[in-house]
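Numbers restart at 1 for each chain; the letters A, B, ... are given by sequence-line order, proteins then strands.
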Number of protein chains: 2
Amino acid sequence: MSMDAVFKALADPVRRQLLDSLHARNGQTLGELCEGRGMSRQAVTKHLAVLETANLVATERRGREKLHYLNPVPIHEIADRWIGKYERGRLDALAALKRDLEGQSDG
Amino acid sequence: MSMDAVFKALADPVRRQLLDSLHARNGQTLGELCEGRGMSRQAVTKHLAVLETANLVATERRGREKLHYLNPVPIHEIADRWIGKYERGRLDALAALKRDLEGQSDG
DNA sequence: ACTATATGCAACTATTTAGTTGCCTTTCAA
DNA sequence: TTGAAAGGCAACTAAATAGTTGCATATAGT
């Protein structure tokens, strides 16, 4: 639920790649998610646990396999509540930045 | 430039608060950004350095003061290139998630 | 039953990170 | 020119993080 957990989860490139992988093909097993990642299975497990805690990934046990599903809702919430506010005034702020940084020095 | 630096910078709540503060009032000095934060000036300085490295904050020296300006461009780029792709298929993925997680158990 | 496969758990290490304190430099103002 | 205000630099500590290895458990297939 906490936004902090989501931001922290997104801070690691490996975890973002895992989300990308699930985005490309949802419902992958742990083994599949480990392939070609040059890292031990346990390391990937830990990353997936972080993503699960942040509610970015949901899992389901099927027999001896564990299937992983992307949950895009927290990302949507971040984009909505936090990033949106910076984008709204984006051009204004950009103009102000230019004015402040360049307008002071010389003319 | 690197997206990783931006994500890492956004991962810390103190740094997000600093961005929020600059969003509310741009061009604050270091001293102003330290006020009411319950943390040493040097700690805040380090956080601001991280934000500067990620190009989320630009600074200008004015006399003995250092002014800080929010740069919303990297946030926009993240929203554009990375978050956007998860939002586009959001409802689809959500439906798939529900189907996968609930539809399997019973029938 | 036996074996291979898929995953879980736990201890350990190395690196990074967030914060501190102490001291130095620069600038403004009397 | 002297003192106070604003900030910079560097060393240190504590905690979190990312990764490892070794072993245990559970399931599938024969």
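A/G27 and A/Y69 make their closest contact through CA-CE2, 3.5 Å (heavy atoms, listed as atom of the first residue, atom of the second, distance). B/L33 and B/V44 get closest at one heavy-atom pair: O-CG1, 4.3 Å. The two atoms that bring A/A54 and A/P74 nearest to each other are O-CG, 3.9 Å, heavy atoms only.
The footprint of chain B on DNA chain D, defined by a heavy-atom cutoff below 4.0 Å, extends from D/dA4 to D/dA11.
Nearest-nucleotide assignment on DNA chain C puts the 5′-proximal partner with A/H68, out of A/H68 and A/K46. Along DNA chain D, the nucleotide closest to A/G63 and the one closest to B/E65 are compared, and the more 5′ of them pairs with B/E65.
By the neighbour-count criterion of 12 heavy atoms within 6.0 Å, atom CZ of A/R61 is densely surrounded, having more than that number from other residues, nucleotides or ligands.
Qualifying side-chain contact (heavy atoms from CB on, under 4.5 Å) partners for A/V57, counting only residues two or more places apart in sequence or in other chains: A/L19, A/L22, A/L51, A/E52, A/T59, A/H68. With sequence neighbours excluded, the residues satisfying side-chain contact (heavy atoms from CB on, under 4.5 Å) with A/A43 are A/M39, A/S40. Residues that satisfy the salt bridge (Lys or Arg N to Asp or Glu O under 4.0 Å) test with A/R16, not counting sequence neighbours, are B/D4.
The side chain of A/Q42 lies closest to C/dA10 when the candidates are C/dA10, C/dC28, C/dA4.
Counting distance only, with no hydrogens placed and no angle test, the side-chain atoms of B/R64 and the base atoms of C/dT26 include no donor-acceptor pair under 3.5 Å.
The closest donor-acceptor contact from the side chain of B/S21 to the backbone of B/Q17 lies at 3.5 Å or more, if one exists at all.
Taking atom NZ on B/K8 and atom P on C/dT16, their separation rounds to 9 Å, with Å as the unit. For the pair A/L67 CG and C/dA6 P, the interatomic distance rounds to 13 Å; values are reported in whole Å.
Near-neighbour residues of DNA chain D inside residues 30-41 of chain B, defined by a heavy atom below 4.0 Å, number-ordered: B/L30, B/G31, B/R41. Near DNA chain C, meaning a heavy atom under 4.0 Å away, the residues from residues 10-18 of chain B are B/D12, B/R15.
The shortest side-chain heavy-atom distance between B/T29 and B/K66 does not fall under the 4.5 Å cut-off.
At the phosphate of C/dG19, OP1 or OP2 sits under 4.0 Å from a side-chain N or O atom of B/H47.
Using a 4.5 Å cut-off between side-chain heavy atoms of Ile, Leu, Val, Met, Phe, Trp and Tyr, with links allowed through other members, B/L18 and B/V50 fall into different hydrophobic clusters.
Side-chain contact, A/Y86 with B/D20: a donor N or O sits under 3.5 Å from an acceptor N or O.
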